Amino acid sequence: MSENVVHLHKPTDPPTPDTAPTVLTVVPDAPPARPVPLWVRSGRAVKSAVTHERTRSTGRAVARHASYTFNGGRIVARRTWDGRTGARYERMIRAAEAAGNLEAAEEWEERLQRFRAARHHRRMDLLHSPVEAAKGVAVGAGMSIGTLVALGIVMAINTGHVGDVITPLSATIDFIALLIRIVQIVWGPALTIGPFLALLALWSVGRKQQAAPNWALPANVRNGEGEPITPSIVVKALRDLGVPALRNAIKEMGDAGASMLGPITIAGCGVEVDVTLPSGVSTNEVQNKRRKLAENLTRHEHEVFITIPQAARTVRLWIADSGALDEPIGPSPLVTDETMTADYAKGKAPWGQDLRGDAATLSLYQRHLLITGLSNQGKTVALRSLALWLSLDKSVQFLMGDLKGVGDWAMFDGLATTLIQGPTDEHVIQVTEMVENAVDEMNRRIQAPPGTVFPPLIVLVDEAQVAFMCPAKDEDKRPYGGSKANSRYFMAVRKIHNQGRAVNVLMWQGTQDPTNENLPKLVREGAHTRASLALGTESQARMALGDKAVDGGAAPNLLRPGLDRGTLVVASDGITIPAGQSSITVRTHYIDDDAAKAITDRAKALRDGVTTLHAIERGEEHDPLADIAAVIGDAPRVRTKDVLARLATRNADAYGGWSFIDLKRVLDDAGAEPYKSDGVMVVARALANRDSEGSASADG
């Protein structure tokens, strides 16, 4: 239909506000809707009814309760069959044979023979029981009638009525008739109600065993929320693991597959069970399927831990309660107990809790330490909590380098002898010189008289990967970073690892994302205590903890970054590890900056006062070769001890702690090797020909 316009004034009149044209638009009528066929409407209604959540819930409920009844009947029939036959014993024999336990198989076979002998004896007794029963009934009936007649005679004599002789017998007959009448009345309803009661009993058995398809079970049961770990659940999880040899062995065992399991014991926020695998199944086949095993147990992967105990062909499963590992642990005793002190030699640092909920404490006595993990997983807090505890022993000294430099260690200002904070190359140089000074102190202690006791000196470097990756070089072109023999930081750490433990000079390092470049092999293997937070790959886990720990079940690469923050896998003889395991998982206490400052304030109160250096003080520039040449002078030869004495007199700060080793090192580097004369080490005076950089050389 075309559009119609109607004017309410003459076309020649000028339009005014009062005479403005009114436009009427005639909209054509919409075409009539095509009727929906009846079969389409019916199909939509049926589809909506079938897919509606209420319908689906009803269908699942019907299937669930029907399965309860049907499978409950199967369970009762199976139990009845087991009670009447030797099937149970035969299954146990097959299970013992599959597990390779021949002694248990022989014991179950003996039990089967005793059961069969007892059953034969009962059957033989049944052959004679009808005759014996008939004789017993006849004798009993005769005696009962005689007793009733005798009782009636007594009553008749007492009352004088002859009819009372049959009164007891008549009363007994009436009572029996009443019982028959009651049975006749009850029998009909009992026949009607009995089957329903039997079905109800079968339904109850099936419901208690959750004997229904998984899709038909209630949501909370289907998702495993709160589902307890039982032997049957563990056996089914292992059976469905996808290992053919394991599945076939369990099928041969039948319900007796639980014979593979040790006792299921409560262990902290979960349970623990040892599984003895059948012959032909290796432990690594189960370890490699951790995720599938966890899902079969209706748990997340991080809630199931698999370790290898000492027993052969055995895996130890620790299964957490659903969601328990996502709950935080309590505060550290360092925060709650303001009277706590530390003992470096005999005490243990309260670090956190193991998976069983027991306190996890770590001995730090003469143990080098390495903590690694991905960024922002709690490495600094875990390392700092150990230093906080040890600070409460006033004999402990600290040299600290924080190559992150954001204030995580600022509370140790006034507690540590040296505290260097920052991420630049200059900070790496300062930290390297700090570690080298610790090496000098270690050498001084080594040369002390035997039996000298030295206070603990903790050399701590956080974000140590920055030092290993530093490209800076000194004036002699020696790199500060790297892992070569001329790397200053690397060699200083190696020297402390090699000899520091004996004189209580210990190296603690925290590093991120370990690789061969930022954590050389010789350095990581020099630590006595190695701990790792969440990592990305198994190869990184082996770098962090070593092959032995990873082969024994340690898996920091399976921790969840972010969600398992503060959870460590620890390999150390300084912490209590369950027998047969090579590592332990620890959930560390979180100590925030304010609480850490309060702890260091208590530690400072134990000391007389410590002046913290924030940079390595470099004394007046001196040239060792030039000083050696000066103290020798024109003498043809000078004894080594005299050279050392003259050097100490010339510059006590630079040479006061020198030994013949330091003197020999300088001369060897300059090519002026000393030689022996009459058994006494002497130094030639041929130290001349200085190079363009001011160095000197000498002939020996």
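Treat the numbers as computed from the prediction; the structure is a model and nothing was measured.
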Glu272 and Thr265 side chains, donor-acceptor separation under 3.5 Å: no
4.5 Å side-chain heavy-atom contact, Trp508 and Leu383: yes
Side chain Gln377, main chain Gly562, donor-acceptor under 3.5 Å: yes
Phe490 side chain near Pro520 side chain, heavy-atom distance below 4.5 Å: yes
Lys/Arg-Asp/Glu bridge criterion (N-O < 4.0 Å) met for Lys379, Glu463: yes
Heavy-atom donor-acceptor pair, His589 side chain to Gly330 backbone, under 3.5 Å: yes
Ile266, CD1 atom: more than 12 neighbouring heavy atoms under 6.0 Å: no
Stacked cation flag Arg290 on Phe305, 6.0 angstrom / 45 deg: yes
Smallest separation among heavy atoms of Ala416 and Val610, with atom names: O-CG1, 3.7 Å
Shortest non-hydrogen contact from Asp513 toward Asn518: O-ND2, 3.1 Å
Polar side chain donor-acceptor pair, Gln366 to Asn504, under 3.5 angstrom: yes
Separation between CD1 of Ile458 and CG of Leu386, rounded to the nearest 0.5 Å: 10.0 Å
Any donor-acceptor N/O pair, Arg602 side chain to Glu338 backbone, under 3.5 Å: yes
Beyond-backbone contact of Asn557 with Thr537, side-chain heavy atoms, under 4.5 angstrom: no
Working for side chain to side chain contact (heavy atoms under 4.5 Å, CB included), residues Trp389 and Leu364: CA-CA 10 Å; Trp389 176 79; Leu364 303 174; 3.9 Å; yes
Pair Ile308-Gln287, side chain to side chain contact (heavy atoms under 4.5 Å, CB included): steps then yes or no: CA-CA 9 Å; Ile308 310 299; Gln287 275 187 304; 3.8 Å; yes
Contact check, side chains of Val396 and Arg607, non-hydrogen atoms, under 4.5 Å: yes
Asn516/Arg524 under side chain to side chain contact (heavy atoms under 4.5 Å, CB included): CA gap, chis, key distance, verdict: CA-CA 10 Å; Asn516 285 321; Arg524 60 181 185 250; 3.0 Å; yes
Presence of salt bridge, Arg384 and Asp402, under 4.0 angstrom: no
Donor-acceptor under 3.5 Å (Asp564 side chain, Thr567 main chain): no
Spatial distance of atom OG (Ser572) from atom CG (Leu369) [nearest 0.5 Å]: 8.5 Å
Any donor-acceptor pair under 3.5 Å from Arg565 side chain to Leu533 backbone: no
Which atom of Arg501 lies closest to which atom of Leu506, heavy atoms considered: CA-CD2, 4.1 Å
Any donor-acceptor N/O pair, Trp351 side chain to Val586 backbone, under 3.5 Å: no
Trace of the side chain to side chain contact (heavy atoms under 4.5 Å, CB included) decision for Asp551 with Arg542: CA-CA 9 Å; Asp551 292 338; Arg542 292 184 180 276; 3.0 Å; yes
Asp343 side, atom CG; Ser395 side, atom OG - distance, nearest 0.5 Å: 8.0 Å
Heavy-atom side-chain contact between Thr576 and Lys348 under 4.5 Å: yes
Side chain to side chain contact (heavy atoms under 4.5 Å, CB included) partners of Asn498, counting only residues at least two apart: Arg494
Exam field: side chain Arg367 to backbone Tyr365, donor-acceptor pair closer than 3.5 Å: yes
Within-4.5 Å side-chain heavy-atom neighbours: Thr418 and Gln430: no
N-O pairing of Lys597 and Asp601 below 4.0 Å: yes
Flag, side chain of Asp393 to backbone of Tyr344, donor-acceptor distance under 3.5 Å: yes
Lys394 atom NZ: more than 12 heavy-atom contacts under 6.0 Å: no
Under 3.5 Å: donor-acceptor pair, side chain of Arg488, backbone of Thr432: no
Residue pair Leu568 / Ala382: nearest heavy atoms and the distance that separates them: CD1-CB, 3.9 Å
Separation of Asp593 CG from Asp408 CG (nearest 0.5 Å): 6.5 Å
Nearest heavy-atom neighbours spanning Ser487 and Gly481: OG-O, 2.7 Å
Nearest atoms (heavy-atom pairs only) where Asp413 meets Leu419: N-CD2, 3.8 Å
Main-chain N/O of Gln353 paired to Arg587 side chain as donor or acceptor, under 3.5 Å: no
Non-hydrogen side-chain atoms of Thr588 and Ser385 separated by less than 4.5 Å: no
Parallel, tilted or perpendicular: ring planes of His368 versus His497, cut at 30 and 60 degrees: tilted
Point-to-point distance, once rounded to the nearest 0.5 Å, from OG of Ser332 to CD1 of Ile591: 4.0 Å
Contacts of Asp608 that satisfy side chain to side chain donor-acceptor pair (under 3.5 Å) - sequence neighbours left out: none
Minimum side-chain heavy-atom gap Leu392-Leu334 below 4.5 Å: yes
Separation between CZ of Arg530 and CD1 of Ile371, rounded to the nearest 0.5 Å: 13.0 Å
